[in-house]
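One structure below.
This structure is a prediction, so every number in the text was calculated from the model and none was measured. To find a chain, count down the sequence lines: A is the first, B the second, and so on, and within it residues start at 1.
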2 protein chains.
Amino acid sequence: MAERHSTLRAQRRAQTQRTIQAHAIRLFTARGYDATTMNEIAEAAGVSPMTLYRHFPTKEDLVLTDRHGELIAEHLAASPAEGPLTHRIARALIAAATALTGDDAADDREFLLVRLQLMIATPALRARHLDNQYALQQAITSALHDDAADSDAADPDPADPDADFQAQAAASACLAALHTAMVRWAEDDGRSDLPHLIGRALAAVFGDEVVEPAR
Amino acid sequence: MAERHSTLRAQRRAQTQRTIQAHAIRLFTARGYDATTMNEIAEAAGVSPMTLYRHFPTKEDLVLTDRHGELIAEHLAASPAEGPLTHRIARALIAAATALTGDDAADDREFLLVRLQLMIATPALRARHLDNQYALQQAITSALHDDAADSDAADPDPADPDADFQAQAAASACLAALHTAMVRWAEDDGRSDLPHLIGRALAAVFGDEVVEPAR
DNA sequence: TACCTATCTGGTAGTGACTATCACGGTGGT
DNA sequence: ACCACCGTGATAGTCACTACCAGATAGGTA
């Protein structure tokens with residue numbers, strides 16, 4: 001079957017990616033990001049530099065490859081479309097963080113923590129990560145835009161560009177608060193509760209009406 | 001005099017920097033940022049690649065070199081320390097934007113516009129710019145921190161880390177709104193009023209109590 | 001005027017991330 | 001047993017950026 005075929009291939013591919021990434025992050029934390037060359041990573045992982053570039057097109061992807069954006073988008077789509085935009089986004093961010101750092105994801109949490117600490121300490125990674133967050137902001141606002149267009153399909157949106165602009169500002173502020181919380185969490189070595197930190201950061205921006213995540 | 005000496009040198013230096021930067025941005029807008037090499041810029045500006053690197057340590061600095069951060073910090077220090085943090089930062093951002101895009105700065109405004117459009121369109125520049133904004137957020141919060149320590153020198157700050165965290169979240173949200181406004185302004189080809197856009201973006205985040213700039 | 005020193009400038013030879021192109025080998029399906 | 005395809009690999013090259021060194025020039029001084 002073509003399906004079993006591609007799933008097997010995909011599994012092997014995912015496995016080698018995990019191996020490469022583990023070696024890369026181990027070397028980055030030991031020697032520093034800039035002081036580690038791609039050739040050294042390839043050698044440590046037992047592959048050729050070519051293969052390394054096939055799996056991770058850039059050096060930054062070795063640290064920043066994750067599916068947080070998709071996770072947030074899923075939570076955003078699954079949550080009820082009620083309340084102000086900022087509250088909807090806040091709920092999605094807190095829910096995604098809960099899923100990523102809950103007690104049943106200790107390995108993921110540790111992995112996330114190390115990568116965040118690398119990201120904070122390395123200018124190139126910090127910059128790329130902030131640009132990823134910017135792309136995520138655009139994805140969120142366009143998803144919300146489509147949402148609104150679906151529910152009021154007959155409404156020709158008279159003040160639409162203004163609403164778009166306001167939604168972009170609100171979403172980018174939410175993600176800025178998220179980033180502040182993640183940095184603080186990483187600086188605490190993950191000892192504090194990330195969802196709670198995100199809630200407090202959002203409360204500092206929007207006021208105290210932001211709710212705690214629904215269990 | 002040593003002063004006149006260094007002033008003359010500094011003037012010549014600033015002049016060559018302006019020349020190099022003008023050629024660079026002309027080439028970037030004509031051919032694209034990535035498609036323009038540093039050697040081509042050096043040749044167009046009539047200097048050697050070495051001199052180019054002495055004046056602009058990285059290719060990104062050819063577009064992103066500005067003193068906006070200092071400008072905002074000055075407005076922040078000069079403005080009265082009254083009202084919530086977010087309002088103080090908002091006033092400083094709007095005042096700085098007014099100074100940069102006012103009618104008596106048409107050249108600067110045009111130059112700023114072209115560079116912003118390059119920044120938006122080029123991933124590497126976008127990422128660096130967002131990291132610069134992050135550094136600016138840290139500068140703002142540490143300046144506000146010192147401010148508070150000066151005024152209540154006798155107060156040993158019982159809840160200080162929490163206040164720091166909230167100030168960071170608030171400042172990063174302000175800068176996120178600023179970025180949203182700048183992007184919109186650049187997409188409008190500078191036809192709209194940047195200080196007004198910033199005020200609207202901040203109002204979308206914090207509510208409508210943000211004031212218009214004092215003339 | 002002659003000297004001296006700091007700064008500006010330029011060339012050479014590298015390092016390292018990343019790409020294009022070609023070729024080989026093993027795996028999956030007919 | 002054959003074929004097609006995907007993953008892997010080597011080679012050579014581009015480009016941003018960095019020492020290291022040498023010459024020119026402009027400011028201040030004896």
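Proximity note for Thr37(B) (side chain, C-beta onward) versus dT21(C), dC15(D), dC17(D): the nearest is dC15(D). Of the candidates dC18(C), dT9(C), dG9(D), the closest approach to any side-chain atom of Arg54(B) belongs to dT9(C).
Met38(A) comes within 4.0 angstrom of sugar-phosphate atoms only, judged by non-hydrogen atoms across all strands, and of no base. At a threshold of 4.0 angstrom between heavy atoms, the contacts of Arg13(B) are confined to the sugar-phosphate backbone, with no base atom among them.
Side-chain atoms of Arg88(A) and Leu144(A), non-hydrogen and from C-beta on, do get closer than 4.5 Å to each other. Side-chain contact check for His68(B) versus Met182(B): every heavy-atom pair is 4.5 Å or farther apart. A heavy-atom distance below 4.5 Å is not found between the side chains of Tyr134(B) and His129(A).
A donor-acceptor contact under 3.5 angstrom links the side chains of Asp162(A) and Gln166(A), judged on distance only. Side-chain contact, Arg18(A) with Gln15(A): a donor N or O sits under 3.5 Å from an acceptor N or O.
As a whole-Å value, the separation of Ile20(A) CD1 from dG7(D) P is 13 Å. In this structure, Arg12(A) atom CZ and dG26(C) atom C1' are separated by 10 Å, rounded to whole Å. For Tyr53(B) and dC20(D), the OH to P distance is 18 Å, given to the nearest whole Å. Straight-line distance from the CE atom of Met50(B) to the P atom of dC17(D): 13 Å, rounded to whole Å. In this structure, Leu27(A) atom CG and dG16(C) atom C1' are separated by 16 Å, rounded to whole Å. Rounded to an integer number of Å, the gap from Leu52(A) CG to dA10(D) P is 13 Å. Between Lys59(B) atom NZ and dT18(D) atom C1' there is a gap of 17 Å when expressed in whole angstrom units. Following rounding to the nearest Å, Glu43(A) (CD) and dG9(D) (C1') show an atom-to-atom distance of 15 Å.
Residue Thr51(A) has a polar side-chain atom (N or O) positioned under 4.0 Å from OP1 or OP2 of dG9(D). The phosphate of dT8(D) has OP1 or OP2 within less than 4.0 Å of a side-chain N or O from His55(A).
Between Thr36(A) and Gly46(B), the one whose closest nucleotide on DNA chain C sits nearer the 5' end is Gly46(B).
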